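Remember, it's a predicted structure, so these values are computed and weren't measured experimentally. The first residue in the sequence is number 1, and the count goes up from there.
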Amino acid sequence: MDLYIGRIVGFIIGFFFFGGPITGIIGAGIGYILVDKDKIKKAKSREQAQRAFTDASYNLSLVDITFSMMGYVARGAGRINQDHIQFANNIMDMMQLTEEARSVARTSFSKGKSEDYNLTETISQLHSLVGNNSSFIEYIIEIQIQVAVSDGYLDDEELRRLTRIGSMLGISELSLQRLIYIRYAEVKMKKGYTSGSSYRGSEDRYSHNHYESGSNQNSSTYNSSSSALSAAYEVLGISESATDEEVKKAHKKLMLKYHPDRLASSGLTQEMIRLYTEKAKDIQAAFDMIKKARGI
């Protein structure tokens with residue numbers, strides 16, 4: 001019924017307010033264009049993903065795509081290090097992958113770091129599986145950002161590879177920058193950096209109002225001027241001057257975004273939902289830290 005609301009309302013307005021069945025049909029057409037068309041497109045994308053779940057090879061295909069791109073991004077650092085490998089293993093654990101899926105993940109990660117890896121083909125496979133489902137796409141890019149910064153660095157080539165993936169998935173550069181910024185905030189908060197402590201990573205280019213292109217400085221040591229508490233505000237996407245009510249609203253908005261029921265309705269697999277559950281824990285930790293500091 002929800003997919004017809006635009007046409008129904010349009011027909012009623014046209015029929016009763018503008019003279020009869022002809023104007024009613026015109027109104028229904030306008031309602032379809034303005035309201036129903038976009039809803040139908042999103043519903044078809046979800047249905048495409050849901051139908052894929054009935055195929056036993058679907059989850060393995062998604063694992064293959066995700067981990068091969070992880071290998072591709074990590075290789076941008078020049079070499080795969082222990083932090084990259086540990087992160088990949090952590091992701092397998094959080095997703096609770098079966099032994100078969102873990103085997104696929106390891107093989108795919110190695111495939112992605114090879115010189116002849118075909119990113120274009122991988123992106124094409126992803127689109128054939130999930131269409132333009134924005135939830136899947138956001139899931140994929142967030143994983144790639146996490147592996148890029150898992151070693152505390154964001155090298156020029158890693159950034160270029162992330163940007164290329166983002167562009168091919170229809171993610172704007174500004175949105176990508178924002179996702180990287182949030183991920184750095186999560187890292188800083190988790191590790192409890194305090195003012196003046198040393199954080200091995202890129203310069204703090206990922207702020208609300210500032211972004212610089214890559215340079216050789218990317219791999220230098222970054223002396224954080226942000227405390228873990230400041231990072232907690234960044235995780236929630238608000239400033240430290242926000243009111244208590246604004247803090248609560250930001251927390252509620254993010255927790256709703258990553259609620260398992262909402263994620264499931266968007267067509268995400270259980271493996272994806274488990275991973276996003278970990279992200280929700282970071283959001284809750286940030287909120288708890290701010291509440292404690294404010295005495296809320």
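- In terms of heavy atoms, V147 sits closest to Q144 at CG1-O, 3.1 Å.
- For the pair R161 and Y72, the cation-pi criterion (under 6.0 Å, within 45° of the ring axis) is fulfilled.
- For T107 and S110, the side-chain atoms include no donor-acceptor pair closer than 3.5 Å.
- Between the side chains of Y117 and S68, at least one donor N or O sits under 3.5 Å from an acceptor N or O.
- Shown here is R79, whose CZ atom has no more than 12 heavy atoms of other residues, nucleotides or ligands within 6.0 Å.
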Any chance you could lay out the salt bridge (Lys or Arg N to Asp or Glu O under 4.0 Å) test for E234 and R183, step after step, and finish with the verdict?
-> CA-CA 9 Å; E234 293 167 0; R183 182 55 191 166; over 6 Å; no
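- Considering all non-hydrogen atoms of both residues, L236 and I283 come closest at CD2-CG2, 3.8 Å.
- Ion pairing between a basic and an acidic side chain is recognised when a charged N comes within 4.0 Å of a carboxylate O; D93 and R274 show no such pairing.
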Decide salt bridge (Lys or Arg N to Asp or Glu O under 4.0 Å) for E157 and R75; before the verdict, give the C-alpha distance in whole Å, the side-chain angles of both, and the deciding distance to 0.1 Å.
-> CA-CA 9 Å; E157 182 58 26; R75 186 65 177 82; over 6 Å; no
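- Between E158 and A148, the closest heavy-atom pair is OE2-O, 3.1 Å.
- Between I180 and L159, the closest heavy-atom pair is CD1-CD1, 3.9 Å.
- The CD1 atom of I65 sits 10.0 Å away from atom CZ of F136, with the distance rounded to the nearest 0.5 Å.
- Within the 4.5 Å cutoff, the side chain of I91 has heavy atoms near those of the F67 side chain.
- Closest approach of I141 to L162, counting heavy atoms only: CD1-O, 4.2 Å.
- Donor-acceptor pairing under 3.5 Å is recorded for the side chains of S230 and E240.
- M69 places a side-chain heavy atom less than 4.5 Å from the side chain of I123.
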Assess whether salt bridge (Lys or Arg N to Asp or Glu O under 4.0 Å) is satisfied between K111 and D64, documenting all intermediate values.
-> CA-CA 9 Å; K111 177 178 68 176; D64 173 38; 3.0 Å; yes
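- Note that the NE2 atom of H251 and the CD1 atom of I290 stand 9.5 Å from one another [nearest 0.5 Å].
- Between E246 and K249, no side-chain nitrogen of the basic residue sits less than 4.0 Å from a carboxylate oxygen of the acidic one, so the salt-bridge criterion is not met.
- Note that CG of L179 is 6.5 Å distant from OG of S175, once rounded to the nearest 0.5 Å.
- Connection of M289 to I296 is not established within any shared hydrophobic cluster, with ILVMFWY side chains joined at heavy-atom distances below 4.5 Å, either directly or through further cluster members.
- The distance from the CD atom of Q125 to the CG atom of L129 is 7.5 Å, given to the nearest 0.5 Å.
- Q284 CD: more than 12 foreign heavy atoms inside a 6.0 Å radius.
- When atom types are taken as modelled, the side chain of S108 and the backbone of V104 share a donor-acceptor pair closer than 3.5 angstrom.
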